[in-house]
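Everything on this sheet refers to the single structure shown next.
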Amino acid sequence: MKIHEFQAKQLFRDAGVAVLEGVVAATPDEAAAAFSKLGGSLAVVKAQIHAGGRGKGTIKNNPAQRGVQLVRSADEAKTCAANMLGQPLVTIQTGAEGQAVRRVLVESGCDIAREWYLGIVVDRGCGLPVLMASTEGGMNIEDVAEKTPELIFKEAFHPDAGLLPYQVRKLCKKLSLSGASAKSADKFLKSLANLFVKLDCSMIEINPLVVTKAGELVALDGKVTFDDNALFRHPQLADLRDKNEEDPNELRAGEAGLSYVQLEGNIGCLVNGAGLAMSTMDIIKLHGGQPTNFLDVGGGANAEQVTEAFRILLSDKGVKAVLVNIFGGIMRCTTIATAIVAAYKQVGFNVPLVVRLEGTEVDEGRKILADSGVDIINAVGLTDAAQKVVAAAKGN
Amino acid sequence: MSILIDKNTRVVCQGITGKAGEFHSKNCIDYGTKLVAGVTPGKGGQTILDRPIFDTVEEAVKQEGANAAMIFVPPPFTADAILEAVDAGIKVVIAITEGVPVLDMVRVYDRIRDTDVHLVGPNCPGVITPGECKIGIMPGYIHKPGPVGVMSRSGTLTYEAVWQLTNLGLGQSTCVGLGGDPIVGTSFIDLFKMYQADPKTEAIMMMGEIGGSAEEEAAAYVKANVTKPVAAFIAGRTAPKGKRMGHAGAIISGGKGTAEDKLAALAAAGIEIAESPADMGAALQRAMKK
């Protein structure tokens, strides 16, 4: 689960990780009031969306307005917020449509001496959370990681021990922090590592992390995502979810316990298992088609969930044909067949449906379909399924 | 021979009284697996599927000689169930459960690394040695005994590959689903080691996915250590770069993880590449004829 920058910063503040003063605003007037409340001679207005690259991103219908802007008066804050609020912001991480800005964060300025990068993520390689720091902060951090990985300093830590004192000393040495700055880093880094563990985060990223002229570390940005599998341990985090930031079909699928990603093609896919779902998309493309979605019904879905999956697929007017590719394991073919029949009765199929079934209870599943009278195109094997659905989507 | 499990493996199912646990335990028994006991805390003394239920894994080991565990307990309790099996002396632990918190697995993995315990999963279909023992949720009928070792990060993609192999007349020595979570107990390299050492395995089929660097590391291992023919498929070649938040995932892998990187690394190691998911069985056949 993703959250907004202003929410992440509140979590940082509560955990003892230094952030600047800021006020959230949902209207231009609130933004102006926020500027006055902060009381400084300048402030930064930052669009709040669940995507990075905001500083270089632009408002879709107003390319002169970027997603982060320095303002020097309440009036400027108001104008800037008016430009952003209600408008889609397009960044390298949003896709061409952008994401609508519903709130802005108005934040005090600070005297920046240096801009760095800081992140924590669980590393599949070593099986532990890893804190990564680099003096090469900014948008090009991925290039830094690829071309000069030695400039990214990494320290793995056990969740129950946290970041150890010697690890902080190592990092401070590499980052050339000493004296009061090292002391500030000690509190900052340990608090952040503890927060990562305490809330079962899957990622924390601060880019840029700034060192002020006074030598203090401050989080100028904050991105936090939580491990969805661990949300049951943190019911209070449910309040931080912003469903406006999620694709409506993905949201609907998520509520039905399905994994769905919206794409731009015209062939709807309903598959069990992420690897097979990706492979199904691969083979559709190989045969000249374009999948409109990734839909993994998972292992334990029941007939009702699968019926909902069909409703979501068929509600997309761009879909010209649907491919059901099920290799039953924990999922039984009978469950899928029953759901296809139910969906046909409840929703009706206005586009051709190609079905490929194999695995657990396949014979019973095929019989349910054959006896139902539902108009389907049967496929045997992956290539046959892909060829048939691509042809069907073209109207052949 | 085979790897991990065979006809002498004695299985205890943790979480056997749950819906999935019972359904799949029955399927395993029907397949011929020596499933000797179940464990559900609080239900010790009862029976299910004509097998005794114990409160603890320790009792199942002592009284029924269990030496492998199949875990179906719900996600909040999975890490505890794995550690209980390890504590009871079980060396092959297969966790089917999907949805285990990542930091739980970090703690589990830290306990079992550098031990002789083989943990497979979580979020995996399990392990099968065709004709001898099935521990997991895979459909038994698609398999047949034979010379090919199969491994994958994805469950249903493993079934797909196995089905293609079987239809080509190529049976399998042992098939392993590694599991799709960020932290799982067994890596491709662990299995390459075992397949290379197993006399019954003559060729190895691996299915990877975009993301992470496990496939690149496996390719390097194969180049240096594996003499048996290997074929591979990478799922997600056409997957669009989805909406992302932040850079941390890309930074930790140092820019690796695209399908192109993985395919190049595999090909450089002399591994036969399946160009489409329909080509997996045929690719293994080509690798064996090389």
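Every heavy atom of this structure was used, including side-chain atoms; hydrogens, water molecules and symmetry mates were not. Keep in mind that what you see is a predicted model, and the values were worked out from it rather than measured. Numbered from 1 within each chain, the chains take letters A, B, ... in sequence-line order.
Using a 4.5 Å cut-off between heavy atoms, Val197(A) touches chain B through backbone and side chain atoms alike. Pro75(B) does not touch chain A: none of its heavy atoms, backbone or side chain, sits under 4.5 Å away. Both the backbone and the side chain of Leu128(A) come within contact range of chain B, each with at least one heavy atom under 4.5 Å from a heavy atom of that chain.
In terms of heavy atoms, Pro277(B) sits closest to Ile283(A) at CG-CB, 3.8 Å. When all heavy atoms of Ala235(B) and Ser279(A) are compared, the pair lying nearest together is CB-OG, 3.4 Å. Shortest non-hydrogen contact noted between Gly273(A) and Thr156(B) is CA-OG1, 3.5 Å.
When side chains are defined from C-beta on, Phe327(A) does not count as touching Leu157(B), because their heavy atoms never get closer than 4.5 Å. In this structure the side chain of Tyr159(B) never reaches within 4.5 angstrom of the side chain of Glu358(A), judged on heavy atoms.
Judged by distance alone, with hydrogens and angles left aside, the side-chain atoms of Asp282(A) form a donor-acceptor pair with the main-chain N or O of Arg237(B) at under 3.5 Å. Between the Ser154(B) side chain and the Ala274(A) main chain, no donor and acceptor come within less than 3.5 Å of each other.
Between Glu217(B) and Arg124(A), none of the side-chain N atoms (NZ, or NE/NH1/NH2) sits under 4.0 Å from a carboxylate O, so this pair counts as no salt bridge.
Residues of residues 102-115 of chain B lying within less than 4.5 angstrom of chain A, judged on heavy atoms, are Val102(B), Leu103(B), Asp104(B), Val106(B), Arg107(B), Tyr109(B), Asp110(B), Arg113(B) in numerical order.
With sequence neighbours excluded, the residues forming a side-chain hydrogen bond (donor to acceptor under 3.5 Å, both in side chains) with Gln48(A) are Glu5(A), listed by chain and number.
Heavy-atom contacts from other residues, nucleotides or ligands closer than 6.0 Å to CD of Gln285(B) number more than 12. Within a 6.0 Å sphere centred on CD of Glu264(A), other residues, nucleotides and ligands contribute 12 heavy atoms or fewer.
Atom CG of Asn229(A) is separated from atom CG of Asp181(B) by 6.5 Å, given to the nearest 0.5 angstrom.
The candidate with the highest count of non-hydrogen atom pairs below 4.5 Å against chain B, out of Cys201(A), Gly329(A), Pro291(A), is Gly329(A). Of the residues considered (Asn27(B), Val184(B), Val100(B), Ile234(B)), Val100(B) shows the highest number of contacts with chain A, using heavy-atom pairs under 4.5 Å. Per-residue heavy-atom pair counts under 4.5 Å with chain A were compared for Glu275(B), His24(B), Lys19(B), and the maximum is reached by His24(B). Counting heavy-atom pairs under 4.5 Å between each of Gly125(A), Gly381(A), Gly328(A) and chain B puts Gly328(A) at the top. Your options are Gln164(B), Glu209(B), Glu160(B), Met138(B), and the one with the most heavy-atom pairs under 4.5 Å with chain A is Glu160(B).
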